[in-house]
Each structure stands twice: as C-alpha cells, then as structure tokens.
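Here's the structure we're looking at; comments come further down.
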Amino acid sequence: MIDLIFAQTLNGLASASSLFLVACGLSIIFGVTRIVNFAHGSFYMLGAYLAFTLVSRFGPADALGFWGGVLLAAVIVAALGALVEIVILRRIYQAPELFQLLATFGLVLMVQDIALGIWGPEDKLGPRAPGFKSFVVLMGSRFPSYELFLIVVGPIMLGLLWFLFQKTRWGTLVRAATQDREMVGALGVNQRLLFTSVFAFGAGLAALGGALQLPREAVNLHMDLSMISEAFVVVVVGGLGSVTGAYLAAVLIGIIHAFGILIFPKITLVLVFLVMAVVLVIKPYGLMGKRPVGSAHAHGPVEPLLLPASHNVKLIGLAALAVLLLAPFVVADHWLLTLTELSIFALFAASLHFMMGPGGMASFGHAAYFGLGAYGAALAVKWLGMPMVPALAFAPFLAGIAGVIFGWFCVRLSGVYLAMLTLAFAQIAWATAFQWVDVTGGDNGILGVWPAAWAAPKLVYYYLALAVCVVAILALRIIVFAPFGYALRAGRDSPLRSEAIGLPVMRIQWIAFIIAAVAAGIAGALFAFFKGSVFPTYMAIPRSVDGLLMVLLGGVQTVSGPIVGAFAFMGLQEQLMKATMYWRFVMGASIVLLVILFPRGLVGTALAFAERRREAEPAAPVTATPEPAR
Amino acid sequence: MSPVLEVRNLGKSFGGVRAVDDVSFSVEAGKLLALIGPNGAGKTTCFNMLNGQLPSDRGEVIFDGRKITGLKPREVWRLGVGRTFQITATFASMSVRENVQMALISHAGETWTLFGRAKDRHVAEADALLKQVGMLDQAERACGVLAYGDLKRVELAVAIANKPKLLLMDEPTAGMAPRERIALMALTAEIARERGIAVLFTEHDMDVVFAHSDAILVLDRGKLIAKGRAEEVRNDPAVRAVYLGSGATSGGH
Amino acid sequence: MDRRQFVSGAALGAVALATPSLLRAQGAPIKIGEINSYTSQPAFLKPYRQGWELALEQVNAGGGVLGRKVETLFRDDAGKPEDSVRLAGELINAEKVDLLSGGFLSNVGLAIADYALQNKRLYVASEPLSDAIVWAKGNRYTFRLRPSTYMQAAMLVEEAAKLPAKKWATVAPNYEYGQSAVKWFKELLKKAKPDVEFVAEQFPALGRIDAGATVQALEAAKPDAIFNVTFAADLSNFVRQGNTRGLFEGRTVVSMLTGEPEYLDPLGAETPVGWIVTGYPHADIQTPDHVKFRDAYKAKYNDYPRLGSVVGFDTMNAIAAGIAKAGTTDNEKLIDALKGLKFTSAFGPVEFRASDHQATLGAYVGKTAVKDGKGVMVDWRYADGAKYLPSDAEVKALRPAG
C-alpha cells in the first residue's frame with residue numbers, strides 16, 4: 001500500500017510539471033495584459049508538434065539534437081506569440097474587458113486547421129529522450145526515468161522563474177503590472193514592449209511544456225483544448241499572477257488525479273473542477289492569490305451610457321422582427337430550421353449578456369443553464385411523461401434551481417474568479433449528465449424529445465420558438481432599463497457606492513444570475529424539442545464558449561449586441577461549415593478580422609460610429625474620448 | 001438637543017497597531033465637524049467604522065439614539081446616513097441624473113422592480129437635487145466623462161438624496177483646485193444648514209477646515225488629541241507640535 | 001408527383017437548359033447526405049472519405065445506379081450531435097438528398113437515427129459502434145455497417161476464454177463505447193469461463209488519460225491479463241507508460257481496435273508484441289475482393305488503405321447495392337430492399353440482417369508484432385460478423401422497435 005501511495009505521488013508530481021509551465025505562462029499573460037488567452041493551449045500544441053519535427057530532423061538519439069529541438073521549438077513559438085501580440089492583440093487592448101478572448105479563440109480555430117494541414121491527422125508518438133529512455137526501480141516498482149526528470153524540472157523552473165521575477169528589472173515590472181496595472185502605466189515604462197515580451201514569454205513557456213511532453217505523450221490534434229481548461233483551473237486555484245501558486249496548484253491537481261484514479265476511477269472527468277470549486281469557495285482568490293489593487297475593470301473604454309433604443313434603432317428592430325415574421329412566406333422552408341436555431345441562440349446569448357453586461361459577471365459556464373433547461377424538458381418527457389407545453393414550462397425551473405445554488409456561491413467572487421467558478425459548476429453539471437447514465441442516458445443522451453404533433457411542422461415550431469424568444473428577450477431588455485437593471489448596473493460600476501446608497505449588491509447579482517439562468521433554460525428547452533434529443537454536449541465547454549463569443553462579437557456594452565452577435569456568429573459558422581472542410585481556419589480568420597475591425601463588437605462599434613457622427617455635426621463636440629474618472 | 005451622532009470609545013487595531021484608539025465625540029444637527037490629523041492618523045479608519053464599512057474592535061456608535069455598530073453600510077444608509085468617498089464613487093455608465101435617480105429609487109424601496117423605466121422615476125426630485133449642487137445643466141452627461149470637481153458635486157447630490165440626518169464626507173475636496181474646494185465646502189455648509197444635516201468630514205486643507213467647520217477634532221496616531229473651535233485648536237500646543245512635526249502646513253499637500 | 005419530385009424535376013429542367021447535351025441524357029443524380037465528424041476525428045475520417053470517394057468514382061464510372069449518377073454531399077458535424085441533427089435537416093430539406101449516411105461518434109449516430117425515424121428517412125450508419133443504434137434504440141429507418149461494440153467484444157472474448165488468465169483488469173475510455181465494451185466483455189467472458197475474476201477497472205477520460213497513474217493503478221491490482229479499450233492518443237500514452245513500467249510483461253493484453261492501422265501505425269517500434277486485437281492487416285489480406293480494393297486505393301491516393309477507407313468504401317457500395325436492388329430511391333422500398341441485402345465488401349460477402357439492420361461485416365482478429373520498426377498484425381483470421389451476433393430470437397428481446 002505504501003509503495004502504491006509513493007508511486008502515485010511521483011506520478012502526480014511528474015504530470016504536474018508540464019501543467020505548471022503552461023499554467024504559469026497563462027497566469028503571467030493574464031496578470032499583465034488581462035487577456036484570457038484561449039490560444040494558450042494552441043501554443044502548447046504547437047510546441048509539441050514543432051518539437052516533434054525538429055527533434056526528428058536533428059536526430060532524436062543525439063542529446064544535442066533532442067534538447068536542442070525542444071528548446072528551439074519553445075523559442076519559435078515565443079516568436080510566434082510576439083507576432084500575434086504585435087499584429088492582433090496590440091490593436092485591441094482598449095476594447096471592453098474579455099474582448100481579446102474573441103481574438104484568441106479565433107487563433108485556436110486557425111491553429112487547429114494549420115496543424116492538421118502541416119502534420120496530418122495521425123497522432124505522432126515522439127522519440128524517447130536520450131539518457132532518459134528507461135526506468136529506475138523505486139520501492140519495488142519500475143518508474144520511468146524521464147518522469148523523474150520531469151519531477152525535477154518543475155521545481156527548477158519554479159526557481160528560475162522566481163529568480164527572474166524577483167531579481168530582474170523585467171520581472172519586477174511584470175510583478176508590479178500584475179498587482180496594479182495603472183501604476184505601471186504611470187511609471188513611464190514602455191508598456192508595448194512589456195506586453196509583447198510577456199506574451200512571447202508566456203507562449204514560450206506553454207510551448208516548452210508541450211515540447212517536454214514529447215517523450216511522454218503522443219502529439220495529437222486535441223492537445224490544445226484538453227490542456228487549456230486544465231491550465232485555467234491551475235491558474236485560478238493557484239491565484240492569478242502567482243508563480244508559486246501555479247506550481248502548488250499543478251502539484252495538487254496532478255496528485256489528486258493520480259489518487260482519484262485509485263478511489264473513484266470514473267470521476268476523473270470532473271475531479272479537477274470539483275477541487276477548483278472547493279478552493280474558490282474557501283479561498284476566493286486562489287491558494288496564493290491576492291485581491292487585486294485598483295478597480296476591477298482595469299482597462300478598456302469607460303462604459304458608455306445605456307440609452308433606451310432611439311427612434312431609428314426601434315425602427316431597425318421592428319423591421320428585423322418583421323423580416324423574421326415574414327420570412328416563412330419568402331424563403332425556402334429549410335431556412336426556417338436555421339432561423340429557429342438562431343432565434344434560440346439569440347435568447348441564449350441575451351441571457352448571458354444580462355449577467356455579463358449589466359451585471360458585470362462574465363460566465364464561462366453559461367451552457368450549464370442552457371443544458372439544464374434542455375435536460376429539464378427531456379427528463380420531464382421521459383420520466384414524467386409530460387407533453388410538450390408543460391415540459392417547456394417546467395424545464396426552466398431546473399435551470400433556475402441550479403442558478404439559485406450555483407449563483408449563491410458565484411456572486412461572492414468577481415472577475416475571472418467568478419467566471420471560473422461558473423465554469424467549475426458547469427463542468428460538474430456536465431459530468432453529472434455524462435455519468436448518471438441511468439437517468440440521463442450518459443453521453444448517448446435522451447432521444448425522442450419531439451414536439452407535440454401540432455407544433456411539429458417546421459413553420460409552427462419556428463413561430464413558437466420565435467414568439468417565446470422574442471418575449472423572453474424583450475423581458476430581459478425591460479428589466480435592464482427597469483430599476484432592478486439599474487441597480488444591477490450600479491453594483492457593477494461601483495459596489496462601494498451601491499452599498500452606500502442602500503443597494504444589497506450581492507443579492508441583486510444573485511437574482512440577476514437566477515434570471516439569466518432561467519432565460520438560458522428557456523432557450524435550452526426550446527432547443528431540446530427542436531433537435532428531438534439532448535446530450536451532455538449541450539452543457540459542455542464549447543457551448544459556453546459559443547455564448548461568450550456571441551455576446552462579445554455583438555458588443556457586451558450594448559443591449560442588442562448579443563442578438564446581432566448570435567445571428568452573426570452562428571450564422572457565419574453554419575454557412576462556413578457547409579461551404580468548406582477548412583471552415584475552422586476561415587472562421588478563425590474571420591473572427592480575428594472582425595475583432596480588429598469592430599473593437600467594441602459589431603453593435604458597439606456601430607453605435608460609437610453613429611455617436612461620433614452625431615457629435616461631429618453640432619459645432620462644439622463634447623469630449624469624444626472620455627477621461628478615466630474612476 | 002441630543003446629538004445626531006455619538007461615538008463612544010471607538011477603537012480598531014491592525015496587527016497590534018492601534019489605528020483608532022478610544023475615540024469619542026458627537027455631532028449635532030446642522031453643524032459641520034471637521035476631523036483632521038496628519039497622514040496615517042486614523043481618520044479614514046475611523047470614518048469607515050462609522051458607516052459600517054469596517055467592523056470596530058471596541059466602542060460603539062450611536063446614531064439618532066440608536067446603536068449602529070455592526071450594521072452594514074447599506075443598513076446604516078437606510079437609517080439616514082449619507083456618505084461621500086475620498087476617491088469619488090459614482091456609476092460611470094449612468095448619466096448624472098440617473099446617478100441621483102438610483103439613490104432615490106433605492107430610498108423609495110423600488111430596487112426590485114422589474115418593469116417600468118428607471119429613467120422616468122423621481123425626475124423632478126433628482127433635478128431639484130442637481131440644481132442645488134449646480135449640476136442641472138449637465139444632467140444628461142455620463143458620469144464617466146465628467147471633470148473631477150463636477151463628480152464631487154454629483155456625489156454630494158447622491159449622498160443627500162435619502163434626506164440624511166448625517167453626512168459623512170471623507171476628504172471631500174481631495175484632488176480639487178483650491179478655488180473649487182472653498183466653493184464645494186461653502187455649498188456643503190449651505191445645504192447642511194438649510195436641511196439641518198449634521199456633517200462630519202475629514203480634510204487636509206486647513207483653509208477649508210478653518211473656513212467651514214463649526215468645530216474641529218484632531219486625531220494623531222489613533223488618539224483624539226484636541227477638539228474645539230477653530231481658534232482653540234489652532235492655538236493648541238499639542239496640535240501645533242503634531243502639525244509642525246509632520247511638516248504639513250496650511251493650504252494643501 | 002409529390003413536391004420533392006417536382007422540385008428535383010424543376011431543378012433538372014434548369015440544369016438541362018444550362019448544361020451541354022452530354023449530361024442531359026442521364027437522370028437527376030441520386031444524392032446522399034453524408035454527415036461525419038471530419039474535423040474532430042480526422043485520423044479515421046480522412047481515409048474514410050477517400051475510401052468513399054473511390055467507391056463513388058467506381059460506381060459512377062460503371063454508369064451510376066439505376067442509370068443515374070450518384071452524388072455525395074459531405075457535411076462536418078464537428079463532433080456535436082446537435083449539429084448533426086441540423087445538418088440532417090439541411091440536407092433533407094434544402095439539398096433534397098435521397099438518404100443520409102455517416103456518423104463516427106455513437107451519440108451523433110443515435111441523434112441522426114432518431115431524426116431519421118422522426119422524418120421517415122433512411123439512414124445508413126457507417127461507423128458508430130454503439131449497440132443501441134440497432135438494438136435498444138434501433139428503428140426501421142436505420143442500418144449499421146460496422147461490427148458493433150458487442151461483436152468486437154465477442155470476437156475477443158472467444159480468444160480471451162482460451163487463455164489461462166483468471167484475474168482480469170480493464171481499462172477503457174469513460175464514455176458509452178468504453179463502458180459497454182467492458183460490460184459486454186465481462187458478461188461474455190464470465191459466461192464462457194465462470195471462474196474469471198475482474199480485479200480492477202480504470203476509466204480514464206477520453207483523450208486525457210493520465211497514463212502513468214493509470215498504469216500504476218492497474219499494476220497494483222496484479223492482474224493476469226488486461227482488457228484494453230483505449231485507442232488513439234490514449235492508447236499510445238498507455239502503451240508507452242506500460243512498456244516502460246513493465247505492465248505488459250508476463251501478462252496477456254486483449255485489446256479492442258488496436259490492430260487498426262489508424263491506431264497501430266503511430267505506435268511504430270513501440271507496438272507491444274503479442275496483444276490479441278481486432279483490426280485490419282491491410283498489407284497481408286490477399287482475398288480477391290480486398291486486393292482489388294487495395295490496388296485501386298493505392299493507385300488513386302498513393303497510400304495504403306486504413307480501416308476507415310474500408311468502412312467508407314463499403315458504406316458507399318452497400319448503399320449503391322441497396323438502391324440497385326430496390327430499383328428506386330423511395331425510402332420505404334429502399335429499406336425493404338436493404339433488409340437482407342447481400343453485397344460484396346472489401347472483406348468479402350456481407351449481409352444486412354433483416355432482424356436488426358446490422359451488417360455482418362466482420363473484423364480481423366490476431367496478434368500484434370513489430371516488423372521493420374512498424375506495428376503489424378500476425379496470426380490473424382477473419383472473424384465473420386454473422387457468427388458473433390445474437391440470434392434473431394435474442395434480438396427480439398434486445399430491440400423493442402422490432
């Protein structure tokens with residue numbers, strides 16, 4: 001027994017090393033630039049692929065060839081990171097919070113197709129490392145010497161990074177920027193250079209993490225996404241910007257994995273997220289994180305005034321609704337399927353926007369409520385034998401109950417910590433649907449959730465979905481402009497002031513969370529009957545990411561943004577998927593381009609443009625660029 | 001007449017350091033009481049304990065005959081205590097008028113209303129408040145783009161929206177030009193007298209303090225070392241020692 | 001004349017006006033809507049598509065089916081069942097395809113199958129292995145080509161029962177395929193050999209195996225033999241750690257799908273020797289049907305076929321044979337024709353069973369070995385699927401739809 005515990009501890013430590021390197025890079029990038037870098041997993045994957053190619057070319061048997069290849073791969077990816085920062089990200093630092101996430105997601109898509117194009121679809125099992133090909137016998141069991149090497153690499157890298165951050169000027173600047181960004185700006189440091197170098201350094205660390213996996217894991221096209229969520233968990237559990245915290249968290253996750261396998265072999269899916277949820281509930285800023293100094297919204301433009309729709313905007317809205325209502329008489333009926341789906345996604349996006357925009361609570365796990373709505377409908381049909389209408393009415397309650405419970409914990413946090421806790425809860429919900437096969441059917445889902453006979457024709461279901469979605473979206477909109485919506489926005493703008501005028505910020509946010517969950521649940525229930533089946537993928541990470549992308553693309557600071565974003569994003573994706581097998585590359589490139597052209601989202605940029613034109617007409621333009629007054 | 005605010009033996013320590021040590025005083029309706037002292041004297045700590053932002057270790061705070069120690073800021077506000085901050089805290093995405101409306105909505109208990117436009121509520125009352133602080137002509141502008149002095153005025157309007165009996169102002173003139181400071185405090189004094197509001201404020205600028213306070217409290221290293229009228233305090237040797245010693249002079253920092 | 005025919009007739013009219021007279025002689029093409037996870041599972045599905053296109057080319061070169069050309073519309077579901085349903089709707093309603101095919105992941109297959117039932121449209125599932133597709137959730141409109149999880153497990157149990165091993169451990173990816181493979185293997189092996197005992201079960205998450213820890217956990221249980229269901233990158237990582245840590249020394253491993261070139265090739269010189277596997281020894285199969293297929297494939301793509309190529313090739317051919325037998329693309333008649341349809345696959349003659357719509361396509365069972373630094377299968381035999389399927393009477397209990 002002791003020897004097993006010993007061996008599993010070593011296994012945990014070995015798998016912690018790469019995770020640490022990747023997470024550490026992610027953490028530094030976030031700390032300084034405030035970019036939630038989804039492409040970090042792609043850098044990790046590129047590092048592994050490049051190392052594979054370089055090592056094969058230099059000769060894997062030769063120590064210089066092997067280690068030279070590994071290091072060169074990291075350097076090349078660091079240079080790529082610098083390029084990405086200079087060409088894309090630098091243009092959008094002034095965009096609203098989290099907007100940069102869109103661009104990095106575009107990169108993820110592009111890299112997936114690029115890697116497929118260059119390295120082909122087959123997995124690549126790399127060579128073993130020279131000098132570490134075999135094993136040593138420890139307490140009676142064989143242990144790969146390369147794993148021992150990795151165990152040593154972790155603390156060494158930690159030491160090097162500690163030295164870098166504590167003893168060099170660059171490191172001091174990085175730490176200062178992580179603690180208080182505004183201060184660094186005030187110190188007259190060359191911010192551009194700092195940002196570029198930090199991004200490149202982080203990308204290089206990720207690539208090194210990937211390259212070091214070469215003797216350990218087959219390089220494959222799924223490495224990016226399987227690493228990214230885990231790396232986020234490590235960053236948040238460790239505490240943003242804390243290198244030591246990242247190491248501790250990586251070790252914690254590695255060890256919990258290794259022992260989790262012994263105790264609950266089937267729970268590995270969700271174990272890390274359970275750990276994260278527990279850590280965040282107990283220590284809201286992670287194991288080693290500190291409460292950030294300065295305002296939560298550290299950069300980006302000042303929120304514009306939220307004005308009720310002007311006459312013109314109302315006309316556009318009515319015209320769009322008229323188009324949707326009349327569409328069935330004009331277009332071929334298969335378009336109704338697309339329009340039904342887009343209407344449902346518009347409601348999903350609007351519900352996320354409700355908590356993210358006015359509420360200031362970004363969620364990385366909003367799909368949970370969408371999925372629970374869908375499962376609510378499916379379970380009501382399957383287990384309670386409900387017909388469609390009662391099932392539709394019942395479904396949002398399941399999402400709402402989850403909103404009550406999850407929301408209660410989430411509103412106690414803020415910023416990325418809150419977002420990651422929503423992700424943790426979403427993963428727990430997902431794993432439940434995935435694992436509880438008797439009730440949910442596991443990954444094979446629940447089939448046969450078809451609408452009632454009267455609603456089955458495409459036309460009828462389209463009008464049904466459209467009606468429900470329009471009513472729900474309008475309700476959300478009314479709430480945004482009602483006193484409650486103002487109170488919600490007040491809590492986002494200044495919690496201090498809100499409390500000082502009697503607003504219970506947390507309770508307001510909690511109610512908003514629940515409202516958003518219920519609205520997402522309605523969308524999910526409509527989706528379930530539309531598709532005829534539900535699957536755990538409805539509440540998986542990609543669906544949550546889709547929601548985020550729709551909101552950000554449309555413009556998080558506008559109320560109609562998410563609707564436009566949903567139609568633009570999902571519409572574009574649907575059409576591209578039909579048009580080309582390389583849709584991921586085209587989609588990714590389109591996203592990057594849109595991000596650069598519309599730095600406040602589609603609607604946000606359009607409104608800002610209209611505003612400028614309106615202000616340019618009268619003689620005296622009032623301050624076009626707001627000074628930061630907070 | 002009983003005082004609006006009475007502070008008894010208030011104390012707070014941070015890691016063994018007594019930031020506020022056995023402080024007692026009271027404020028009466030319509031009067032302006034200044035709390036001064038060098039940097040690190042414990043003014044802000046003291047302030048934050050008064051409205052519940054920071055829990056106190058010892059002592060009690062009586063407001064309007066009621067013990068409010070241990071209450072949350074929003075509960076203290078509901079009882080009738082307004083507050084402004086050293087660094088202005090307003091809602092940047094709302095217009096000047098909406099900021100005031102928000103406070104009025106909260107005061108009217110309409111926070112949880114899910115329908116009806118917030119913009120259309122309490123417009124006349126908000127405009128009256130804005131007129132009083134001289135911000136009516138900018139009512140439509142976003143708070144996020146205002147000049148700092150104007151923001152201070154908006155905050156004042158927000159702070160008195162709930163018709164408070166007591167107004168707590170932490171460094172109300174910090175970051176303003178000297179002329180604006182006098183004007184803002186003159187305005188505050190006027191409002192306080194007109195509405196019978198007791199005002200407690202901390203301040204660095206001695207010109208402001210001497211010009212607009214009815215009484216002065218001097219805090220040093222957590223202890224109250226003097227209190228009284230302007231001339232008494234000005235001539236107090238202990239106060240002079242503290243101020244000369246710390247190098248702070250009249251007129252700013 | 002129903003509306004669909006009218007529309008295709010009108011479309012044909014438009015085409016006829018615009019194209020040279022050469023094409024006018026033929027009828028409107030038969031359209032197949034093929035949905036698969038092309039971007040998320042490229043290792044299997046790139047060869048699949050190539051195999052499909054080879055068969056398509058051959059069919060059309062031979063004059064098509066019923067005198068009409070066959071056309072395929074490929075769609076990528078990106079691994080999401082909900083997207084596959086959307087694509088099915090689009091293919092049927094917009095593209096007016098005659099039938100649906102494809103599916104790699106089981107849940108995608110099930111989603112399309114349910115859609116097919118709801119919309120009364122034929123769906124030929126090529127790859128999804130889930131038993132539910134033809135049994136528990138089976139329906140009139142769905143047929144499946146590949147040997148299912150149950151069949152492959154049964155083929156391996158036959159070999160496993162011959163081993164002296166008593167204590168077994170299992171490792172399988174944590175999703176339906178892995179779970180049912182383990183379930184069937186345990187059930188069938190216990191039936192064949194009641195004294196076996198299962199001492200450890202590992203269910204790593206698909207695509208994210210923690211190989212070192214998993215190997216250690218299996219090792220700790222000291223089994224005599226191991227049943228493996230992991231594949232792709234999980235398999236590579238498991239094998240490497242297992243090799244280094246000596247997990248496979250003195251133990252027999254029985255392993256699903258490992259002999260398929262898709263999963264065997266990446267292992268290269270590290271291929272463990274002596275595993276009993278199902279797979280596809282492409283270089284060594286010399287039956288005339290296979291040689292013909294392999295030569296054509298090599299000529300067209302300058303590459304050897306993978307198992308995916310065979311599945312794509314056979315699915316396309318099965319559909320063509322079905323339509324030819326039915327003499328129409330009318331789905332109800334086509335389904336009746338597919339029931340009991342006999343056609344020739346690259347592996348030889350195959351039949352779609354009338355009782356459960358499962359094809360009797362088999363798999364090759366053999367042992368792994370290393371030859372010239374590459375993994376190969378040796379001592380293999382063709383296990384005809386027909387022998388590893390339950391009888392029609394047993395199927396009645398498994399398949400509520402009948």
Side-chain angles (χ1 to χ4, degrees), chain A residues 4 7-8 11-12 14-15 112-113 116 121-125 134-135 141-144 147 216-218 220-223 226 257-258 261-262 265-266 268-269 332-335 337-338 341 434-435 437 442-445 447-448 450 458 527 531-533 535 537-538 542 574 577-578 581 583-584, chain C residues 38-40 42-43 45-46 74-76 78-83 85-87 89-90 92-94 106-107 110-111 113-115 118 130 132 137 174-176 179 201-205 207-208 210-214 216-217 219-220 232-233 236-237 240-241 244-246 262 265-268 270:
Chain A
L4 184 59
Q8 290 299 51
N11 286 326
S15 56
Q112 282 179 335
D113 266 354
L116 175 62
E122 264 179 24
D123 301 341
K124 310 277 183 212
L125 188 62
S134 191
F135 59 87
S141 63
R142 281 159 61 165
F143 196 78
E147 308 269 304
R216 199 166 175 261
E217 280 187 19
N220 65 79
L221 293 164
H222 300 288
M223 285 176 87
S226 63
H257 250 306
I261 278 177
L262 295 179
K266 282 196 176 178
T268 50
L269 284 176
D333 64 349
H334 66 268
W335 278 98
L337 297 175
T338 303
E341 190 158 318
F434 196 98
Q435 206 70 261
V437 180
D443 53 315
N444 277 353
L447 304 176
W450 295 103
K458 287 190 273 295
F527 197 67
K531 295 291 177 184
S533 43
F535 300 95
T537 49
Y538 287 20
E574 275 191 37
M577 278 174 94
K578 255 187 269 181
M581 281 290 156
W583 64 269
R584 291 183 300 190
Chain C
Y38 290 105
T39 52
S40 71
L45 291 171
K46 191 178 167 222
F74 294 97
R75 291 288 186 270
D76 175 27
K80 290 184 194 159
E82 63 270 34
D83 282 2
V85 173
R86 186 189 70 232
L87 294 167
E90 184 248 339
I92 286 176
N93 294 293
S106 293
N107 53 16
L110 285 167
D114 199 44
Y115 183 89
Q118 183 74 8
S130 174
K137 305 273 166 60
N174 190 8
Y175 74 114
E176 198 263 356
Q179 288 154 7
E201 265 185 8
Q202 280 298 317
F203 284 100
R208 349 178 46 152
D210 196 341
T214 304
Q216 207 82 45
E219 173 77 54
S236 305
N237 301 345
R240 177 161 278 187
Q241 290 283 350
T244 318
R245 294 172 192 243
E262 284 86 340
D265 291 355
L267 291 173
E270 296 231 7

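Convention: sequence-line order gives letters A, B, ...; per-chain numbering from 1.
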Item checked: Non-neighbouring partners of Lys80(C) that pass salt bridge (Lys or Arg N to Asp or Glu O under 4.0 Å), sequence neighbours left out -> Asp546(A)
At a heavy-atom separation under 4.5 Å, does [X] approach chain A through its side chain, its backbone, both, or neither?
X         : result
Ala78(C)  : both
Glu176(C) : both
Tyr175(C) : both
Arg86(C)  : both
Gln241(C) : side chain

[X] side chain to [Y] main-chain N or O, any donor-acceptor pair under 3.5 Å?
X         : Y         : result
Asn220(A) : Ala233(C) : no
Glu122(A) : Glu262(C) : no
Asp123(A) : Pro266(C) : no

Notebook entry, point to check: Just wondering, do Leu125(A) and Arg240(C) contact through their side chains at under 4.5 Å, heavy atoms?
Noted result: yes
Note to self: Would you compute the distance between atom CD of Gln216(C) and atom CD1 of Ile261(A) and round it to the nearest 0.5 angstrom?
What the structure shows: 10.5 Å
Item checked: Distance in Å, Asn107(C) CG paired with Phe535(A) CZ, rounded so as to fall on 0.5 Å steps -> 5.5 Å
For the interface with chain A, which of [options] has the highest count of heavy-atom pairs at distances below 4.5 Å?
options                                   : answer
Asp210(C), Leu110(C), Thr39(C), Asp76(C)  : Thr39(C)
Ser106(C), Gly212(C), Ala205(C), Ala94(C) : Ala94(C)
Gly207(C), Gly79(C), Ala111(C), Pro204(C) : Ala111(C)

Check: Listed by chain and number, what are the side chain to side chain contact (heavy atoms under 4.5 Å, CB included) partners of Leu337(A), not counting sequence neighbours?
Finding: Lys458(A), Phe530(A), Asn93(C)
Checklist line | Closest non-hydrogen atom pair, Ser236(C) against Ala218(A) | finding: CB-CB, 3.6 Å
Item checked: Heavy-atom closest contact (Asp114(C) atom, Gly532(A) atom, distance) -> OD2-O, 3.5 Å
Item checked: Test log, rule side-chain hydrogen bond (donor to acceptor under 3.5 Å, both in side chains), inputs Glu82(C) and Thr537(A) -> CA-CA 8 Å; Glu82(C) 63 270 34; Thr537(A) 49; 2.9 Å; yes
Check: Is Arg245(C) salt-bridged to Glu147(A), cutoff N-O under 4.0 Å?
Finding: yes
